Amino acid sequence: MRICTWNINSVRIHVSHVERLLEEQQPDILCLQEIKVVNELFPEGLGHALGYRHQLIHGQKAYHGVAILSRLPFAQSGTRHWCGKEDARHAWVSVKGGDGKKIELHNFYVPAGGDIPDPEANEKFAHKLQFLDEMADWFAARRKKSSRFVLVGDLNVAPLENDVWSHKQLLKIVSHTPVETDALARVYGSHGWVDALRHFVLPEEKLYSWWSYRARDWEKSDRGRRLDHIWVTPALTSALASAQVLKDVRGWQRPSDHAPVIVELNL
DNA sequence: ATGGTTGAGAATCAA
């Protein structure tokens, strides 16, 4: 089973990119974040011709919004609101693996948190920290040894030193501050999660999934951050076959600033 | 220290 996650930064202007990705990568399931559109205006039939006939859209006007496109039918599905807000930042489905057992897939778009890394001075940063705390509590409360969960999405935190181009220079930059990486570590510990990308890529190696639009040459300056993640619960670690950042996609014409991340599970 | 770009949707706000 191949599962892909991608912050698409507006699904409507990147329709052809989504189709190209589905065609080239043939994921069974594609999770999108920042679709930036209400459900009614989501591009009709996106992926249908390629066999993605099951979809869960949780949209919002102009901001945020998540969606799941799938070749596999959903046994269950749902959406959830966080921090007492109406933001569309989480959608989940369960699907049957080839072994007949269900997996539960959670697609998240964690708040970016604004520019000032101080919850007192910046309510967006406070929201981000609260969101991560609620995620940790929620997954801790549902913890079971037998859980077969996959958590994907733009978590807007680069947790490891080599998840950013300069650990030292980003310690006070939102996405890599200690208070955020600590909060993400609590989510990570809440269900015994395993980081699928770092399962295959040594922590000593630089690894990014996002490069700012503001660089003159994103590839040459290579000042990236790993904001997009795929985690699995311990019951699925033995099924991990591969995981990678599809960096080439960041070089497509007028792309999203995020590259997709894909995992392959032997299920 | 600063400014650099993109998207939504109509002046800025968010990232």
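Note that the coordinates shown come from a computational prediction; the quantities given were computed from them, not determined experimentally. Below, chains carry the letters A, B, ... as their sequence lines are ordered, and counting in each starts from 1.
Here, B:dG3 and B:dG7 have their P atoms 22 Å apart, quoted to the whole Å. Nucleotides B:dC13 and B:dG9 are separated by 11 Å at their C1' atoms, to the nearest Å. Across the P atoms, B:dA15 and B:dT2 are found 22 Å apart, a figure rounded to whole Å.
Inter-residue side-chain proximity for A:C4 and A:L21 is flagged as met; some heavy-atom pair is nearer than 4.5 Å.
Cation-pi contact between A:R89 and A:W82: absent, since separation from the ring centre below 6.0 Å together with deviation from the ring axis within 45° is not met. Under a cutoff of 6.0 Å and an axis angle of 45°, A:R225 and A:W210 do not form a cation-pi pair.
Residues A:E180 and A:S175 bring no donor and acceptor atom of their side chains to less than 3.5 Å of each other. Between A:R2 and A:Q25, the side chains place a donor N or O and an acceptor N or O closer than 3.5 Å (distance only, hydrogens not considered).
Along DNA chain B, the stretch of nucleotides lying under 4.0 Å from any heavy atom of chain A spans, 5' to 3', B:dG4 to B:dA15.
Within the nucleic acid shown, A:H258 has no heavy atom closer than 4.0 Å to any nucleic acid atom. Within 4.0 Å of A:R12, counting heavy atoms only, lie sugar-phosphate atoms of the nucleic acid but no base atom. As judged by a 4.0 angstrom heavy-atom cut-off over every strand, A:R254 is placed among residues touching the sugar-phosphate backbone only.
Each of A:H64 and A:I35 was assigned the nucleotide of DNA chain B with the nearest heavy atom; the assignment lying further toward the 5' end belongs to A:I35.
Here the closest heavy-atom approach between residue A:I8 and residue A:E34 is recorded as CG2-O, 3.8 Å.
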